[in-house]
Amino acid sequence: MLVDELDVPEEVREILRSEGIEELYPPQAEAVEAISSGRNVVVSIPTASGKSLVGYFGVLRAFSRGMRSIYIVPLRALAMEKYEELSRFGCIGMKVALAIGDYDVPPDHLRGADVIVATCEKVDAITRVDPGFISGIGVVVADEIHLITSPDRGPTLEMVLSKIRWLNPEAQIIGLSATIGNPEEVAEWLNASLVVSDFRPIPLHLGVYDGITLQLDDGRAMRVPRDRTVVGNLVRTTVEEGGQVLIFVSQRRHAESLSLTIGRVLERIIPEEEREALREFAAELERMGGLGKDLAKRAERGACFHHAGLTNEMRKTVENAFRRGLLKVIVATPTLAAGINLPARVVILKSFRRFDGWSNQPIPAWEVKQMLGRAGRPGYDPYGIGVIVAENGHWAEFAWENYIFSDVEPIESHLSSPHALRVHALSLIASRLAWDMKTLLRIFSGTFFAHTVGVDAMRDVLEEVLNFLADNGFVSERGGKYHPTPLGERTSHLYLDPLTVMYFRRAYESDHYSDFAVLHLVSLTPDMLPFRAGRREIETLYTYIAAERLYYSTYEVEEDAYFNAVKTAAVLSAWMDERSQDEIKDMFSVYPGDLHGRVQTAEWLIYGMESIAGLFGWRHAGRLRDLRLRVRHGVREDLLPLIAIPGVGRVRARVLHNHGYTDAARVAEATPEEIARLPGMGPKVAKSIVEGARKLVGRRG
DNA sequence: TGTCATCCGTTATAGACAGCATGTC
DNA sequence: CTATAACGGATGACA
């Protein structure tokens, strides 16, 4: 099918042609045809074979027929990517909105949008507050629908789709998936046409490297001597031929050390004219400080590491340099596997076993396919090569058998877990979509779980969960009918796990207050992933326990969890004590990216705690606001009056404070020239800060 | 007695969604 | 195929 035949506005066809797309790939064409029938569609095709375009077609077709659509993705970074790509079609008058935790567009903005790109949790949150929202939606694209199989987040995706079908059976569902073992089951569940294909626009060769021979699945074999890093020569050959390499490892430390050693391999083969650009790029990273320096050291030689400990800025910088072809190698942890689109000619899976808390387990085949599937850069590479590194003959055989010559696992639902049912049963009752066992089961019977396992299998857990919710005041029960209590309603709207609220209650029932105790409490809840306290660290953490009166004692909680929460609270305290990211890394071995993530979670939970405290008439509720702002901005108490000024964060606020500008009013009285004389403030910044302060003070009256 | 090499036991291990109201250095 | 690499303390050789 040619782009010219595509049933979309001519402007859209022009945009596609301008990107070099003249003709659809066969599976794309098949999917487009299926979507045009108006039926639900499940598309299961390999990574990097143009799935997004299929989703975009669904969205565009909806728009041209006057319907609104939702594009559901699993990651915020993906949401931004899709948002940007869809925004290109703005010329046809289609309004695109982005709805994710951080960048929430106000609901009335969402109402005016034709397409909403959102994470599945966000869609869930919207339907909780306003179930009627769904009725105006014509098309729902569920990208990466295989994520249903994820134990922690899969149930949400499954419930979101089930709720949409329940509330709006007319909505067309388009499920996009990488290759999975049981696409038929998914299609059956959604009553959808199925498009399955293993077509790849750029041929992909898979192989296994044992340190001696690179054996490919088409029979070719090459002798590649191993170097100290095992894969050094593989990398060198590829880069010499003008390709780029993506290496996946299972530990951050490995990513950092391997990228350093690989750099020595590259050093000799990168031409002089590229080195200058690399030095510039390294200087850019260097300026970011901390980890940026580690990156810079490697960047000069054309290799970098990539993991979730990096700040978003560093991640994006590294990704862009790779995309521009400047960076030759990225050594990454699985962050990059499921994330944004970043192909390379050669993808090497350096270690396919990952520690799961018990032992080093082989990772599932679908993850391996997702990583290796990134091999082959459209427009640059004639082919892609995906290499699995095996330490010995045994593991080589394992790789061939389980990863190359075998099908990927079927996806399965984990909706019947107590955690998932607790959260989703409450949300259904809170949004008044269900009010008794019968109505709950009716909605749950539309889920993938019910389709594959049967709804009866969740009955017992559901009953337990309902008792839990009733016993603890989240719902009230009379004659088998459940009503949400104000507590249940707040819990659901705040998107909190009821168990988290059970932890909050310990504080509400206490007359005691301390910032540290609240941080510890928040870190104990199931909604926070705490930092891990090392064996050695625990000793030092006793200092905090001795100095602070916490809401829980060591005897009430599992020991590890207890100390992890103490460490998390200690890190957040250090952040609020205006320690720099470098200091925090030295003190606690916590990376900036991780810190930022926990800060955000803590802020959300403190907000939740603050907003529920009223229901319990907690005397100390008011103190949570200051704590939340301090966590958010990473400042001591005395800076709170300053960080309200636009353009002022923890650093500038401290500078202002040190020079006698202790609140917004004093800043407002200053002249921009005075402020500009302070260290680190340019005339431009000074002007905007003073203006911001004046506006702020003026608004207060 | 001080320094360095080696051995051996110990230790740590990937990722990332959500509320609300607006903007870091 | 039951991890494993890096780290840190202890020990011992040697000057």
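Here is how names work: the chains are called A, B, and so on, in the same order as the sequence lines, proteins then strands, and each is numbered from 1.
- The stretch residues 596-609 of chain A touches DNA chain B through Arg598(A), Gln600(A), Thr601(A), Glu603(A), Trp604(A), Tyr607(A), each having a heavy atom under 4.0 angstrom from the strand.
- With the 3.5 Å cutoff on both pairing distances, Watson-Crick and G-U pairs in DNA chain C assemble into runs of at least 3 at B:1-13 with C:3-15.
- The phosphate of dT24(B) has neither OP1 nor OP2 within less than 4.0 Å of any side-chain N or O from Arg652(A).
- When side chains are defined from C-beta on, Glu610(A) counts as touching Arg628(A), because their heavy atoms get closer than 4.5 Å.
- Seen from the ring of Trp395(A), Arg353(A) counts as a face-on cation partner, given the 6.0 Å and 45° thresholds.
- The residue Arg625(A) sits apart from the nucleic acid: no heavy atom pair falls under 4.0 Å.
- As rounded to whole Å, 12 Å separates atom P of dA6(C) from atom CD of Glu256(A).
- With sequence neighbours left out, the salt bridge (Lys or Arg N to Asp or Glu O under 4.0 Å) criterion links Glu537(A) to Lys567(A).
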Item to check | Contact pattern, 5' to 3', of nucleotides 9-14 of chain B - B, S or - by protein heavy atom under 4.0 Å | outcome: --SSBB
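- A residue-by-residue look at Val129(A) and Arg315(A) shows that Arg315(A) has its nearest nucleotide of DNA chain B further toward the 5' end.
- For the segment residues 394-403 of chain A, the set of residues with a heavy atom within less than 4.0 Å of an atom of DNA chain C comprises His394(A), Trp395(A), in numerical order.
- As judged by a 4.0 angstrom heavy-atom cut-off over every strand, Arg654(A) is placed among residues making no nucleic acid contact.
- For DNA chain B, the residues of residues 486-500 of chain A within the heavy-atom distance limit of 4.0 Å (strictly under) are His493(A), Leu494(A), Tyr495(A), sorted by number.
- For Leu624(A) and dC20(B), the CG to P distance is 17 Å, given to the nearest whole Å.
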